[in-house]
Number of protein chains: 2
Amino acid sequence: MIKVLVVDDEPQIARALRINLTAHGYEVSTAPDGAQGLRAAAAVVPDLVVLDLGLPDMDGTEVIAGLRGWSKAPILVLSGRAASAEKIAALDAGADDYVTKPFDIGELLARVRAATRRSGPGGDSPVTAIGEATVDLAARVVRRGGAEVRLTPTEWQLLEVLLRNPGKLVGQRELLHRVWGPNYDRETNYLRQYMAQLRRKLETDPARPVHLLTEPGMGYRFRP
Amino acid sequence: MIKVLVVDDEPQIARALRINLTAHGYEVSTAPDGAQGLRAAAAVVPDLVVLDLGLPDMDGTEVIAGLRGWSKAPILVLSGRAASAEKIAALDAGADDYVTKPFDIGELLARVRAATRRSGPGGDSPVTAIGEATVDLAARVVRRGGAEVRLTPTEWQLLEVLLRNPGKLVGQRELLHRVWGPNYDRETNYLRQYMAQLRRKLETDPARPVHLLTEPGMGYRFRP
DNA sequence: CGATGCCGTCAAGAAAGCGTCAAAGGTGAC
DNA sequence: GTCACCTTTGACGCTTTCTTGACGGCATCG
């Protein structure tokens, strides 16, 4: 079932969306503000996010950026403001669509279908093989010999950046920026620490990695 | 370069779109009606289609269906009609976005960016051939006869400067500045050392280089 | 014809980066 | 409040890389 997260501070709208989406076969969760929305997204791992920009606690683009840090799920923005500058800012921050209130519920559902159609039935199984382990980035599941392997949030972020650039070298500065934030430039010991943990959990012989490779002085690379 | 196909029967709009898209770095083709639009799509294989629904010869959903038969490129629909039923029909036929006229050109460009962002980063990085070796600067990979060749960070920087100026002579001072920093002016022994290593790793006959050439007293040159 | 740069090569010591272990904060769950 | 888990630090061998020096060959030029 397709999971949708609705982030909206107006109870009527959130309720209306929940009812309509549920009636059309979606699994719906809701959150009333940006912080709880981000936490819910981390917990639920939704396939699509409907995000109201008029949240009380955070700026809309911040929420989008927070989501885009570790999720590629489509983001459909709702907003009362119709100004083009608002739309452009939201879209360039990482949103996929922008609908101004008041909106037609049928049109919104159609846009939800269009957004999920792209990422949903894309015949590509989002499962990546790393040696004897398999990683499903969308479902956030790692299996190894039938058993499930648990990864911490930081390990997921780091692994996702590497897996989304198969074969390509990712510089250590870029890794630090994308996982820890723009203020981290020289904390390469973080990378050493978490790369070692990932190798322990994924590689067949962690001391001699075959898929999670180190390029000394530059960064790391995932080789399929 | 990202290829965009504009299908619109109104010359002013088609022209305005062409100008704006071209100015933002897209490669634009245009078609005045549905039949020619489908033919143009087959010919240029665009990465994104901007489709006006008010075409003289075909219904909009027919054009969308014709495209979706073989292409997964995002379709951005333009229309004068704001009725929800129209939007729902177009989106469910396979369109990715729907913008009603009159539209803000900046917003349209933002929606184009959002649409291409999704399908965009699946691309191939450019590779440069050096004799029997191939260099991928973006992925930081060197292959030679199937096997991977490892370069150190300094070797990469030096090679990158040369490869980004194909055929051009790069002075020794400039090389030293760009690889080691502005304080290095006279350490030409560094260049000798690392050029020799690059030739050993890349050239077929390191003693007689064909692509990484020395210009005595001046600098070095990469000949493709 | 000898002298003088300049380049290519080889061989060390110096320095930096990596993997690993261990342990101290923080945070949420119960 | 306690506990468990995750994150953040610190420190230490070890390997790789960078830096530095020295030597011979080759061409140019006086």
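As the structure is a computational prediction, the values presented were derived from the model and not from experiment. Throughout, a chain's letter reflects where its sequence line sits, starting with A, and its residues are numbered from 1.
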What is the distance from [atom1] of [X] to [atom2] of [N], rounded to the nearest Å?
{"X": "B:N183", "N": "D:dC18", "atom1": "CG", "atom2": "C1'", "answer": "17 Å"}
{"X": "B:E187", "N": "D:dC18", "atom1": "CD", "atom2": "C1'", "answer": "13 Å"}
{"X": "B:R192", "N": "D:dC23", "atom1": "CZ", "atom2": "C1'", "answer": "11 Å"}

Hey, does the side chain of [X] reach the backbone of [Y] with a donor-acceptor pair shorter than 3.5 angstrom?
{"X": "A:E86", "Y": "A:A83", "answer": "no"}
{"X": "B:N165", "Y": "B:K168", "answer": "no"}
{"X": "A:D9", "Y": "A:D33", "answer": "no"}
{"X": "A:K101", "Y": "A:L78", "answer": "no"}
{"X": "A:R221", "Y": "A:G167", "answer": "yes"}
{"X": "B:R111", "Y": "A:Y98", "answer": "yes"}
{"X": "B:R144", "Y": "B:E203", "answer": "yes"}
{"X": "B:R140", "Y": "A:G219", "answer": "no"}

Knowing that exactly one of B:K72, B:R117, B:R68 qualifies, which makes a salt bridge (charged side-chain N to carboxylate O under 4.0 Å, His left out) with B:D96?
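One option only clears the test, and that one is B:R68.
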Contact check, residues 217-224 of chain A vs DNA chain C, heavy-atom distance under 4.0 Å, returns A:G217, A:Y220
Exercise. Heavy-atom contacts under 4.0 Å between residues 165-177 of chain B and DNA chain C, which residues?
Worked result: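 Under 4.0 Å from DNA chain C: B:Q172.
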Side chain to side chain contact (heavy atoms under 4.5 Å, CB included) with B:L76: of B:D97, B:V49, B:V4, only one passes, and it is B:D97
message: Taking any heavy-atom pair under 4.0 Å as a contact, classify B:R199: base, sugar-phosphate, or nothing.
response: sugar-phosphate
Contacts of A:F222 meeting ring-ring contact (aromatic ring centres under 6.0 Å, His included) (sequence neighbours excluded), chain-then-number -> none
### Query
Who pairs with B:R164 by side chain to side chain contact (heavy atoms under 4.5 Å, CB included), at least two apart in sequence or on another chain?
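In terms of side chain to side chain contact (heavy atoms under 4.5 Å, CB included), with neighbours along the sequence ignored, B:R164 is linked to B:L137, B:E160.
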Collect all protein-nucleotide pairs involving nucleotides 5-8 of chain D in which both atoms are nitrogen or oxygen and the distance is under 3.5 Å.
| from | atom 1 | to | atom 2 | distance (Å) |
| --- | --- | --- | --- | --- |
| D:dC6 | OP1 | A:R150 | NH2 | 3.1 |
| D:dT7 | OP1 | A:T154 | N | 3.1 |
| D:dT7 | OP1 | A:T154 | OG1 | 2.3 |
| D:dT7 | OP2 | A:T152 | OG1 | 2.7 |
| D:dT7 | OP2 | A:Y194 | OH | 3.3 |
| D:dT7 | O5' | A:T154 | OG1 | 3.4 |
| D:dT7 | O5' | A:Y194 | OH | 3.1 |
| D:dT8 | OP2 | A:W180 | NE1 | 2.7 |

Among B:T214, B:D205, B:T204, the one residue meeting side chain to side chain donor-acceptor pair (under 3.5 Å) with B:R199: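 Among the candidates, only B:T214 passes.
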Footprint ends on DNA chain C, 5' to 3', for atoms under 4.0 angstrom from a heavy atom of chain A, come out as C:dG17 to C:dA22
